[in-house]
Engineer: 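I have a structure I would like to understand better, so I am pasting it below and will then ask my questions one at a time.
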Protein chains: 2
Amino acid sequence: MNIGAAAKASGVSAKMIRYYEETGLIPPAGRTAAGYRVYSDQDVHMLRFIRRARDLGFSVEGIRELLGLWRDQSRQSADVKRLALAHVADLRRKIAELEDMASTLEALASACHGNDRPDCPILSELETPCKPTDSTTDRSGAINRFRRG
Amino acid sequence: MNIGAAAKASGVSAKMIRYYEETGLIPPAGRTAAGYRVYSDQDVHMLRFIRRARDLGFSVEGIRELLGLWRDQSRQSADVKRLALAHVADLRRKIAELEDMASTLEALASACHGNDRPDCPILSELETPCKPTDSTTDRSGAINRFRRG
DNA sequence: ATGGGGCTTCCTACGATGGGAAGGTCAAGG
DNA sequence: CCTTGACCTTCCCATCGTAGGAAGCCCCAT
C-alpha cells in the first residue's frame, strides 16, 4: 500500500504520516526500489489508533506513551488508565477555563443593551485594570460594576 | 515610560507589546532619540484592554475589532454585543468538543480494571475504527478490513 | 569609566497541520 | 514507444501567540 492509500484507509493525511515518521512517533516505513513508502495492514491499524487518540484530544507526546503501552504485551492496564484519566483531568481543566471565559462574557453581554448607543458594559469592563472575577464577596469595591448572571 | 515599565503596568510582556506593534494591533509607539519606545498612561490603558480581552479568550483578530469599536466614539453597543456573543458561541463549541472527548474517555476509563493485567478497554477501543464508517457505500474497494471481530 | 541592566533588532522554537514547488515514478491509453 | 496524469519524493513556508536568546547600543549609578 502506498502512502495515499494508507492515508485514505486510516484517516491520517499523507502529510501527517510523514510527519509522524520524521518525529519518530511511528517507525520508518519500508520503501520500494523507487523510494515510495509502503504500508501494511498492520501499519494502517497503528495509524488508525493514532487517529483515534488524536480525536480524543491526546497530544502526540501522549500518543507516544499510549503506543508504547499498546505495543507492550506485558503492560498493566493501570498504566493506561492513569494516562487516560490524567488526560481527562487536563481536558476538564481546559473546559473550566473556557467556561469561565464564556460565562463572564455572557454576563457582560446580557448587561449590554445592544442598541445604537455607544455605551457598553463589555467595553467598560475590558478597560478596567483589575479583574472582577468572581465577586460574590465584595472586597475591593472600587471597580465593581460587574455582576455575574 | 519605557517598554519594561509599560509591560509591568499593563500585564503584557515587552515581547508581546513589540509583536502587537509589528502586526499593527497597536500603533507604533513614540521613540526617544536613542530609539527607545515610550508609552503614555493612555497606551498602558490600551494594553490593559488587550490583556483583558486575551484573558477572555479573544483572538488577536477579535481584539482588533474590539479595539476599533473601543476607539470609535460613535460605535453602537449592538456591534460590541454581537462580537462578544459570537465569541461566546465559539467558546461553547469548543467546550462541547472537549466535553465529548472527556466523557468518552472517562467512560472508557471506568470500564478499565486498572490492575496489573494487560487487557484494557481503552486500548481496545482506540484500535477499533471510530465508527463503522459507512461500509454501505463501498467506494474504494480492496481495503475493507473494518470491524474485525 | 566601568558595570549592570534595560533597550534595540533579528533569529529560533513550539504543536499540529496544511499548502505548494520542483522533480521522479508508475500505469494506462494513443 | 511516448505522452499524460495521478501519484510519490523532499524541501520550504505559513499558521497563532508566546517565549528564549544573541549581538549590540544606551543610560544611570558608582
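Chain naming here is simple, since letters A, B, ... match the order of the sequence lines and numbering starts at 1 in each.
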Engineer: Across the strands shown, which category fits B/Ser13 at heavy-atom distances under 4.0 angstrom: base, sugar-phosphate, nothing?
Structural biologist: sugar-phosphate
Engineer: Under a 3.5 Å distance rule, please check whether B/His87 uses its side chain to pair with a backbone N or O of B/Leu56 as donor and acceptor.
Structural biologist: yes
Engineer: Please compare B/Thr32 and B/Glu61 by the position of their nearest nucleotide in DNA chain D and report the one closer to 5'.
Structural biologist: B/Glu61
Engineer: Ion pair present between A/Arg52 and B/Glu125, side-chain N to carboxylate O less than 4.0 angstrom?
Structural biologist: yes
Engineer: Side chain of A/Lys15 only, please: which of D/dT10, D/dC7, C/dG20 is the nearest?
Structural biologist: C/dG20
Engineer: Can you check whether A/Asn115's main-chain N or O pairs, donor with acceptor, with B/Ser77's side chain at less than 3.5 Å?
Structural biologist: yes
Engineer: Measure from the side-chain heavy atoms of A/Arg37 and tell me the nearest of D/dT18, D/dT9, C/dA16.
Structural biologist: D/dT9
Engineer: Across the strands shown, which category fits A/Arg18 at heavy-atom distances under 4.0 angstrom: base, sugar-phosphate, nothing?
Structural biologist: base
Engineer: What's the closest nucleotide to the side chain of A/Ser59 if the choices are C/dA16, C/dC7, D/dC8?
Structural biologist: C/dA16
Engineer: Measure from the side chain of A/Arg54, starting at C-beta and using heavy atoms only, and say which of C/dT17, D/dT10, C/dG24 lies closest.
Structural biologist: C/dT17
Engineer: I'd like to know if the side chain of B/Arg75 and the backbone of B/Trp70 have a donor-acceptor N/O pair within less than 3.5 Å.
Structural biologist: yes
Engineer: Scan A/Phe58 against the nucleic acid and name what it touches under 4.0 Å (heavy atoms): base, sugar-phosphate only, or nothing.
Structural biologist: nothing
Engineer: Among the nucleotides C/dC7, C/dT25, D/dG17, which one has an atom lying closest to any side-chain atom of A/Ala34?
Structural biologist: C/dT25
Engineer: Compare the minimum distances between each of C/dC7, D/dG17, C/dC10 and the side chain of B/Asn2, then state the nucleotide with the smallest one.
Structural biologist: C/dC7
